[in-house]
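To start, the structure itself, in structure tokens.
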Amino acid sequence: MIRIRFTVEDLSRVRVVRPVNYENETAFALENWHRNTGGYFRVWHHTVTSRVRRHAGAQQRLKRFSEAGLTSRDLIGIPPRIDTLSMSAPRQDRTGRANELRRSELDALLEEFARIAILPYRKAIQTRLDNDTDAYQQIMSTSGVETLLRCLHPRIHWRAPFLEIEDNGPDDDMEEIELDGRGLLVSPSLFLSAPGALLHLSAAGTTSPSPTLVFPVRPDPRTSSALTADTDTAAQDAVPEDALAMLMGRTRAALLEELRKGCANVELAGRVGVSAAAVSQHTSVLRAAGLIATRRTRNLVLHTLTPLGRSLLSSGGNPRGPAVAMNGSRVPQA
């Protein structure tokens, strides 16, 4: 288990950030593929396996990597090309095995696996991680840093002043880390298999940048489309109204689309084909969700989109993060 001690200053310097580079995510994806975690990754794993079989060089390097007993920690811990700020040094028993493969071979392995397993899905991966980053930033801004730390992962526990990260080692194998006022960056990963991974970790008391805690996000395979090579194309071809309808219900999606131009209750009822009473009910829900703003001018009730509502429409009906309103409530379904 890893225990990270926070001071008040550390808590004030916690930030949610987007993944810095694709080398880390490629390393996590390689380990995920080796473990064949299934679920959301089932189709991706099958496709990547088929591609690897068509690349003799990749097969050979992957075989040697597996036989050496290496993991993503070893790949990320190799400076400086794979990551300009290295992870905490690999444990001593791994260092010798890492040296059995030349640096050039490990570089080539990551680059080749990225072409096979990451680049064909780059847009889908980036969209997912952007969505999750924005969602966790919103959790922090609306509910505070301690709520953020409590909801990163079931095996990451906030017990003030410690953040505890479970691992697969012995229960008595405890490592305690002092942030010493540097704060902590937290960043989501789609492929990370472990509950968390610490990057850019250096000794306390140094002037080094804040360490980064990478935590895994796991889309529910029952509600999320599988990660397939066609994901990018499907995302580009999706009709915004259809995607919004799946999220919010067709009536509210239609109302939101009509409000792109701004209009009053009476106009909305005619355009969407529902009663004025129904419009009033649906706009109340949209307003509570932070998607529209309402102004009353004499006998008129005028609705306009908020920045969040405009972002929802412009993103092709794919809101950034889970359906959470600006006030922290979930967007109700029609």
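- Considering every non-hydrogen atom in both Gly183 and Asp10, the closest pair reads N-OD1, 3.1 Å.
- Aromatic ring pairs are classed by plane angle as parallel below 30°, tilted from 30° to 60° and perpendicular above 60°; the pair Trp44 and Phe191 is tilted.
- For Glu31, the side chain to side chain donor-acceptor pair (under 3.5 Å) partners two or more places apart in sequence, or in a different chain, are Arg35, Ser72.
- Of the possible polar contacts, none joining the Ser66 side chain to the Leu62 backbone as a donor-acceptor pair under 3.5 Å is found.
- The residue from Arg3, Arg5, Arg155 that alone fulfils the salt bridge (charged side-chain N to carboxylate O under 4.0 Å, His left out) condition with Glu164 is Arg3.
- The pair Arg18-Asp134 meets the salt-bridge criterion, since a charged nitrogen lies less than 4.0 angstrom from a carboxylate oxygen.
- Side-chain N/O atoms of His153 and Glu166 include no donor and acceptor closer than 3.5 Å.
- Remark: His45 engages Trp33, Asn36, Thr49 in a side-chain contact (heavy atoms from CB on, under 4.5 Å) (not counting sequence neighbours).
- A search for salt bridge (charged side-chain N to carboxylate O under 4.0 Å, His left out) contacts involving Arg53 returns nothing, not counting sequence neighbours.
- Within 6.0 Å of CD on Glu176 lie more than 12 heavy atoms contributed by other residues, nucleotides or ligands.
- Under the ring pair (Phe, Tyr, Trp, His ring centres under 6.0 Å) criterion, Phe6 pairs with Trp158, sequence neighbours left out.
- Shown here for Ile125 and Ile118, the closest heavy-atom pair between the two residues is CD1-O, 4.0 Å.
- For the pair Ser210 (side chain) and Arg182 (backbone), a donor-acceptor distance under 3.5 Å is present.
- Not a single side chain to side chain donor-acceptor pair (under 3.5 Å) links Arg54 to another residue, sequence neighbours left out.
- Here the side chain of Ser187 pairs a donor or acceptor atom with the backbone of Val17 at under 3.5 angstrom.
- Residues forming a side-chain contact (heavy atoms from CB on, under 4.5 Å) with Thr147 (at least two apart in sequence, or on another chain): Ile139, Ser143, Arg150.
- Ring centroids of Phe215 and Tyr136 are separated by less than 6.0 Å, placing the two rings close together.
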